[in-house]
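Per chain, numbering begins at 1; letters A, B, ... match sequence-line order. This is a predicted model, so every value here is computed, not measured.
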Amino acid sequence: MGFGPGRSQSFFLVLAAARSEKLGGRGSHVQIGYEWQMCFFVCLLISCWFLGERNNLETGRKRIPSCSSSSKAVLGEGTMTYFPEEVVEHIFSFLPAQRDRNTVSLVCKVWYEIERLSRRSVFVGNCYAVRAERVALRFPNVRALTVKGKPHFADFNLVPPDWGGYAGPWIEAAARGCVGLEELRMKRMVVSDESLELLSRSFPRFRALVLISCEGFSTDGLAAIASHCKLLSELDLQENEVEDRGPRWLSCFPDSCTSLVSLNFACIKGEVNAGLNLSYAPTLDASDLTKMISRCVKLQRLWVLDCISDKGLQVVASSCKDLQELRVFPSDFYVAGYSAVTEEGLVAISLGCPKLNSLLYFCHQMTNAALITVAKNCPNFTRFRLCILEPGKPDVMTNQPLDEGFGAIVRECKGLRRLSISGLLTDKVFMYIGKYAKQLEMLSIAFAGDSDKGMMHVMNGCKNLRKLEIRDSPFGDAALLGNVAKYETMRSLWMSSCNVTLKGCQVLASKMPMLNIEVINEWDGCNEMEENHGELPKVEKLYVYRTTAGARDDAPNFVKIL
Amino acid sequence: MRGAAVTTAVFATGEPPPAAEAEAEEVEENSTGDDELELGLSLGSKKQQQTVSCRVLTARDLQPPALSPDSSVSSSSPAAGATASSKRAKAEEGPTATTSPATVASGHLQSSFGVVGWPPIRTFRMNSLFNQAKENTSEADTKKTTTDESNLPKDKEESKKGRAAGWVKVNMDGDVIGRKVDLNAHCSYKTLALALELMFTKPSIGLCTSYSTKSLKLLDNSAEYQLTYEDRDGDWMLVGDVPWEMFVGSVKRLRIMRTSDANGLGQQHQGIHRTTCATRERG
């Protein structure tokens with residue numbers, strides 16, 4: 001008896017449901033329902049499998065390894081196709097996580113069809129990994145679409161302008177194939193006013209637009225959105241480069257849209273539960289700031305500038321026991337040695353806020369001892385980003401590399417998914433990362449490591465790695481080619497100002513045809529080649545990503561796709 | 001990927017749906033750890049997924065309604081102004097130049113801010129913080145001489161100018177690491193050239209290739225290196241030919257080029273791209 005579709009389908013549903021149960025629990029009402037539904041499904045599936053088995057045994061029919069057409073489903077042949085499509089679709093609706101939906105779509109053609117037609121939300125992590133038309137064709141009934149464009153380091157000016165990441169093809173494809181679209185989220189993409197105009201006219205039920213770190217549009221485009229999207233309830237623009245052509249666009253909102261522009265100066269006497277973003281306000285007096293924060297006892301997210309100082313962080317630590325996310329940005333870029341926040345502030349936070357799971361911390365100095373303490377106090381970190389402002393700076397007390405400190409973080413924080421490291425670091429820290437950071441999905445490296453071994457530790461050890469971005473580190477072709485199969489399991493790799501050569505990239509391209517290897521050279525190669533005294537020219541910037549779409553056709557001339 | 005592993009183990013036979021497997025990997029799960037929760041200023045009611053109903057507050061909410069979001073700086077701290085001016089003196093820039101901290105390299109260890117893309121802060125945030133710092137110092141200066149009313153338009157003007165030029169990248173032939181310089185911190189070619197010289201002739205961070213120790217004399221036509229810039233039209237020009245304000249308004253980025261490569265530059269409307277760099281097709 002082979003492992004036919006009936007059994008595999010059942011297996012999948014139970015597996016998927018089990019996984020979803022783990023992920024679920026966002027709201028308490030969902031969780032209770034889940035347990036009961038899980039029991040129901042398991043019973044349902046077992047009985048269905050059993051019935052299917054009995055059915056086959058009785059008829060003596062050999063199990064058909066495929067359930068190919070939906071007519072069979074209607075006729076009730078096969079096993080799981082016992083259920084009408086609507087029921088299967090309903091079962092799928094309990095699998096909100098996209099990974100699970102992708103999984104069920106792989107079981108057989110029937111499930112693929114049911115899943116794709118009922119998919120409401122699609123997330124595309126790399127706009128060049130798949131063609132927009134394909135996505136629109138496959139998911140015609142999508143309601144919420146998220147697309148990301150440029151690599152993360154584009155936020156810090158490391159990606160030249162005109163590199164790509166155009167929103168146009170996505171909006172056009174959706175306009176043709178997904179007219180029920182209600183929400184569009186884009187990050188690091190180039191969005192034109194024409195695209196916004198098309199967007200505003202193509203989707204009658206459109207209600208939410210979120211643009212983060214995008215560029216290429218002006219307030220005219222926003223005016224189109226305001227004028228034509230009658231049901232718009234959410235317009236979220238974060239850190240975009242918008243050409244300001246005046247405030248006229250604000251008046252384009254119809255009068256009925258009173259809920260949209262709600263810049264209320266909220267009274268802070270009430271409890272601030274959600275979050276506080278003070279990271280654009282350096283002028284708040286330190287004592288006022290701490291006084292205010294000490295009242296926010298339910299605060300979960302806090303973004304501040306480092307002028308809050310270690311003392312201020314101690315106030316946060318003693319007041320905000322529910323704090324889950326903290327970001328401390330640098331305010332004064334220049335002053336040498338002046339440390340508004342130091343390792344002490346971080347330790348204080350770790351002592352006082354045990355629920356802390358997400359950190360972004362800019363500081364001038366750090367010690368291994370502090371990091372080890374933080375790791376012990378806060379084993380729940382899922383995101384840990386530490387940026388010591390001076391590249392390559394060692395432990396300020398011992399002058400040692402910070403390998404042990406970060407090693408402690410990855411060892412203690414078993415759920416760590418995102419990590420950014422800084423300071424003086426040798427290959428040892430990568431050995432720790434490869435050994436312990438098993439859940440790590442995104443790693444950012446700058447000015448770190450001694451040799452190819454460093455990167456290879458990561459490539460070989462981090463099983464769940466999806467995004468790796470490296471700059472100014474001594475990793476070369478050996479590291480690039482050390483584990484080529486790995487790239488198929490990752491979304492992307494970025495390497496800039498490393499030791500990778502063109503030859504190495506070409507070898508990678510020949511070994512892995514399903515990857516796009518983008519070699520980005522902003523400057524003409526001629527001068528650099530002279531400098532290298534006959535050595536192979538080093539690649540300035542390298543962007544590698546898996547794709548089903550082949551080489552993109554919108555690449556500028558400073559991008560070579562191997 | 002976990003999903004992929006499961007399918008290969010369980011789904012041994014049968015017709016795979018067309019290209020679904022490859023696609024499924026591309027259209028990934030939006031893992032909750034993928035991106036940070038953003039605390040942006042959003043116009044509109046966010047979909048409430050949490051049980052709490054409070055909006056995220058930003059600093060703008062906490063300021064009195066009289067202030068417009070643009071003039072976000074209401075008071076300047078005298079300490080910042082004082083230290084800024086003393087640094088200015090050290091840097092030997094012109095007395096009327098406003099301070100931009102990162103251009104004052106002067107061999108100081110904290111020159112890490114001259115490196116492109118470091119520290120890893122979004123441009124938006126970097127610009128807004130620098131503009132505020134500038135407004136701090138400019139207010140500290142102008143408070144002494146002018147009335148309060150004339151302060152506001154001047155600050156707005158300067159912050160507008162800040163957004164126009166702001167930071168531009170500088171690359172030097174033979175140097176892998178690019179830098180950036182804030183043009184608003186300078187008022188003349190002389191100060192700019194001086195700052196660039198400090199940036200590129202002082203060893204910093206330890207990752208750069210070796211430099212010549214002699215002065216670059218960037219504005220001198222007979223020196224080894226020439227300072228050039230790319231303007232809005234994409235042409236490469238020699239720095240110094242046009243009035244400073246015009247330069248600031250049209251420059252996109254800078255390049256310190258070897259004089260041998262810079263031949264053919266010099267006049268306006270004559271680009272070097274035909275002689276050294278590949279012609280860039282602007283599409």
Engaged part of A:N357 at the chain B interface, taking heavy atoms whose separation is under 4.5 Å: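 For A:N357, no heavy atom lies under 4.5 Å from chain B.
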- prompt: By a 4.5 Å heavy-atom criterion (distance strictly below it), what part of A:I388 contacts chain B: side chain, backbone, both, or neither?
  reply: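 Looking at A:I388, just its backbone touches chain B.
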query: What residues form a side-chain hydrogen bond (donor to acceptor under 3.5 Å, both in side chains) with A:S473, not counting sequence neighbours?
result: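 Partners of A:S473 under the side-chain hydrogen bond (donor to acceptor under 3.5 Å, both in side chains) test: none.
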task: Just jot down the side-chain hydrogen bond (donor to acceptor under 3.5 Å, both in side chains) partners of A:D155, sequence neighbours excluded, or say none.
output: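 Once residues adjacent in sequence are excluded, the partners of A:D155 under the side-chain hydrogen bond (donor to acceptor under 3.5 Å, both in side chains) criterion are A:R188, A:S213, B:R122.
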message: For A:F156, is there any backbone N or O sitting under 3.5 Å from a side-chain donor or acceptor partner on B:W118?
response: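 Answer holds: no.
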message: Does any part of the side chain of A:F362, heavy atoms only, come nearer than 4.5 Å to the side chain of B:P120, both counted from C-beta?
response: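 In short, these two side chains touch, coming nearer than 4.5 Å.
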